[in-house]
**Q** 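After the structure tokens below, expect a handful of questions from me.
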Amino acid sequence: MSTALDSIMELTRYTESSPINGTFHRADERSSGRPKRADSSFLDTIVGRRGSLGPILNQVEAVAGTNTTVLITGETGTGKEVIARAIHELSPRRNRNQVKVNCAAMPAGLLESELFGHERGAFTGAINAHVGRFALADRGTLFLDEIGDMPLELQPKLLRVLQEREFEAVGSTRTTRVDVRVVAATNQDLKQMARDREFREDLYYRLNVFPIYLPPLRERKADIPELVEHFVQQFADSMDKTIEIIPEKVMRALVRHYWPGNIRELQNYIARGVILSNDGIFEPGPLETCEPPEPEIVNPTLEEKIRREILAACQSAKWRLGGPEGAAARLGLKRTTLFHKMKRLGIARPADQ
């Protein structure tokens, strides 16, 4: 990585580095006049497409033209929603709706109505009929975010739509047929949840036809410089500021940081830094103290990876499991789910904590 001076890094010096989590788009590239491949124009806007995200985007291109159900997994903040959008944009359905539902954002009764719609008078307060998201996504794509948080009692109805492509709205006896391509995303281990009977096993296998895994930012350190450059420029433009220099020591610190919140955390940190910066130099505030990850294990098993992730989150949260800054929130898990995983893996709070 070259620099103009020993003490500074110019923004333009990182073009050879690949952006960390290619889940964000370059607005300048979207609006540029250079010719683009008709089938891959959306990929050309993703930061990180020439770096470690490349193999993942190859998967996206391969599956986009099919009607196959896709399950995107990865920690919170790794860019699952952008990958879902890329699948839609590269598909033959791109001129139809892409509809998003966050399964963790509403209770079971409301989620059922939101997904499948309801008839007038179907329940108290149902003054008018409501068209559900599956109907809105007909001949398009439905993105089910946080699918691991879908209530168990609603999962059989989703399974039926995936298998039979039909459903009944709440309070209706009329069967509606739809042609919907489903893309789901989660930061949880659905396979383990199925073993623990927290998620239907048959639904898991129906969703996991084509899995795409997004690695955390700490495993993509070579991509960090380009992402930093992109976010600095993005926020500087939005705040009508000019920032031309990123000090080398700042960039080194950003690359070394653990980033438990992944790209989202990096993005927010850069936004704060741009607000604080003056005189054309990026001068962010101090990074939050974060425990370094444990040494890498050669060919680690999935269980070992999960154990390391939980230990790192617990240490970062000073072994507080609940609350907005607790280990469960850092991992994107419910507190009870984290407790059960810790019990199963034999993870206990140290006596001196």
Side-chain angles (χ1 to χ4, degrees), residues 1-4 8-32 42-58 60 72 74-86 185 187 212-239 241-277 280-288 290 293 330:
M1 185 184 309
S2 60
T3 58
I8 64 173
M9 278 188 185
E10 295 180 355
L11 292 177
T12 55
R13 298 294 184 184
Y14 295 97
T15 55
E16 76 277 6
S17 301
S18 43
I20 42 185
N21 241 320
T23 54
F24 294 89
H25 331 316
R26 289 184 182 275
D28 56 335
E29 291 186 6
R30 288 186 64 88
S31 60
S32 66
F42 186 82
L43 293 187
D44 291 340
T45 70
I46 295 180
V47 180
R49 61 193 179 279
R50 290 184 294 270
S52 58
L53 197 64
I56 294 172
L57 296 184
N58 290 338
V60 169
I72 307 170
E75 295 180 7
T76 297
T78 51
K80 297 183 288 293
E81 184 174 349
V82 174
I83 294 301
R85 183 183 169 194
N187 56 19
I212 295 178
Y213 170 69
L214 296 182
L217 189 53
R218 59 187 169 275
E219 294 178 9
R220 305 180 57 197
K221 292 183 180 295
D223 291 341
I224 291 178
E226 190 178 349
L227 273 180
V228 172
E229 172 190 338
H230 171 65
F231 288 138
V232 167
Q233 192 61 55
Q234 181 186 72
F235 289 117
D237 289 346
S238 69
M239 299 175 193
K241 285 189 171 186
T242 300
I243 296 181
E244 299 174 342
I245 295 171
I246 300 177
E248 186 177 2
K249 64 178 182 179
V250 171
M251 185 63 78
R252 283 200 301 263
L254 296 178
V255 172
R256 286 196 305 263
H257 193 62
Y258 187 60
W259 299 113
N262 295 294
I263 291 183
R264 187 175 296 122
E265 181 185 1
L266 173 66
Q267 184 182 29
N268 293 338
Y269 176 79
I270 297 298
R272 293 194 299 270
V274 171
I275 292 172
L276 297 172
S277 299
I281 300 175
F282 181 59
E283 297 178 314
L287 288 161
E288 293 184 8
C290 187
R330 290 169 183 262

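Numbering starts at 1 and runs along the sequence shown. Not measured: the values here are computed from a predicted model.
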**Q** Does the side chain to side chain contact (heavy atoms under 4.5 Å, CB included) test come out yes or no for Val47 and Phe231, once each step is laid out?
**A** CA-CA 10 Å; Val47 180; Phe231 288 138; over 6 Å; no

**Q** If every non-hydrogen atom of Ala84 is compared with every non-hydrogen atom of Ile72, which pair is closest and at what distance?
**A** N-CD1, 3.7 Å

**Q** Closer than 3.5 angstrom, by distance alone: can the side chain of Lys80 be matched with the main-chain N or O of Leu214 as a donor-acceptor pair?
**A** no

**Q** Closest heavy-atom contact between Ile56 and Pro215?
**A** CD1-CD, 3.6 Å

**Q** Would you tell me whether Asn187 and Thr76 have side-chain atoms, one donor and one acceptor, within less than 3.5 Å of each other?
**A** yes

**Q** To the nearest 0.5 Å, how far apart are CD in Glu265 and CG in Asn268?
**A** 8.0 Å

**Q** Once rounded to the nearest 0.5 Å, what's the spacing between atom CD of Glu288 and atom CH2 of Trp259?
**A** 9.0 Å

**Q** Below 4.5 Å, heavy atoms only, C-beta onward: do Pro284 and Val250 meet side chain to side chain?
**A** yes

**Q** Once side-chain contact (heavy atoms from CB on, under 4.5 Å) is applied, do any residues pair with Asp237, and if so which ones, sequence neighbours excluded?
**A** Gln233

**Q** Glu81: what forms a salt bridge (Lys or Arg N to Asp or Glu O under 4.0 Å) with it, not counting sequence neighbours?
**A** Lys100

**Q** Could I get the full list of side-chain contact (heavy atoms from CB on, under 4.5 Å) partners for Ile275, not counting sequence neighbours?
**A**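 Counting only residues at least two positions away or on another chain, Ile275 forms a side-chain contact (heavy atoms from CB on, under 4.5 Å) with Met239.
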
**Q** Quick one: list whatever passes side-chain hydrogen bond (donor to acceptor under 3.5 Å, both in side chains) with Ser277, sequence neighbours left out.
**A**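 With neighbours one apart ignored, the set is empty.
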
**Q** Specify the closest pair of heavy atoms between Ala86 and Ile46, including all atoms of both residues, with the distance to one decimal.
**A**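 Residues Ala86 and Ile46, closest heavy atoms: CB-CD1, 4.2 Å.
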
**Q** What's the spacing between Glu75 CD and Arg264 CZ if we round to 0.5 Å?
**A** 11.5 Å

**Q** Of all the heavy-atom pairs spanning Ile246 and Val232, show the shortest one and how long it is.
**A** CD1-CG2, 4.2 Å

**Q** For the residue pair Thr78 and Pro216, what are the closest heavy atoms and their distance?
**A**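 Scanning both residues, the minimum pair turns out to be CG2-CA, 4.0 Å.
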
**Q** Would you check, one step at a time, whether the test side chain to side chain contact (heavy atoms under 4.5 Å, CB included) holds for Val255 with Val228?
**A** CA-CA 10 Å; Val255 172; Val228 172; over 6 Å; no

**Q** Look at the side chain of Tyr269 and the backbone N and O of Leu254, then say whether any donor-acceptor pair between them is shorter than 3.5 Å.
**A**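 Judged by distance alone, no pair lies under 3.5 Å.
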
**Q** Checking Arg218 against His257 for the side chain to side chain contact (heavy atoms under 4.5 Å, CB included) test, could you report, in this order, the C-alpha distance in whole Å, the side-chain angles of both residues, the deciding distance, and whether it holds?
**A** CA-CA 8 Å; Arg218 59 187 169 275; His257 193 62; over 6 Å; no

**Q** About how many Å separate CE of Met251 and CD1 of Ile245, when rounded to the nearest 0.5 Å?
**A** 12.5 Å

**Q** Not counting sequence neighbours, which residues clear side-chain contact (heavy atoms from CB on, under 4.5 Å) with Ala271? List them please.
**A** Phe235

**Q** Specify the closest pair of heavy atoms between Ile212 and Val60, including all atoms of both residues, with the distance to one decimal.
**A**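 It is CD1-CG2, 4.1 Å.
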
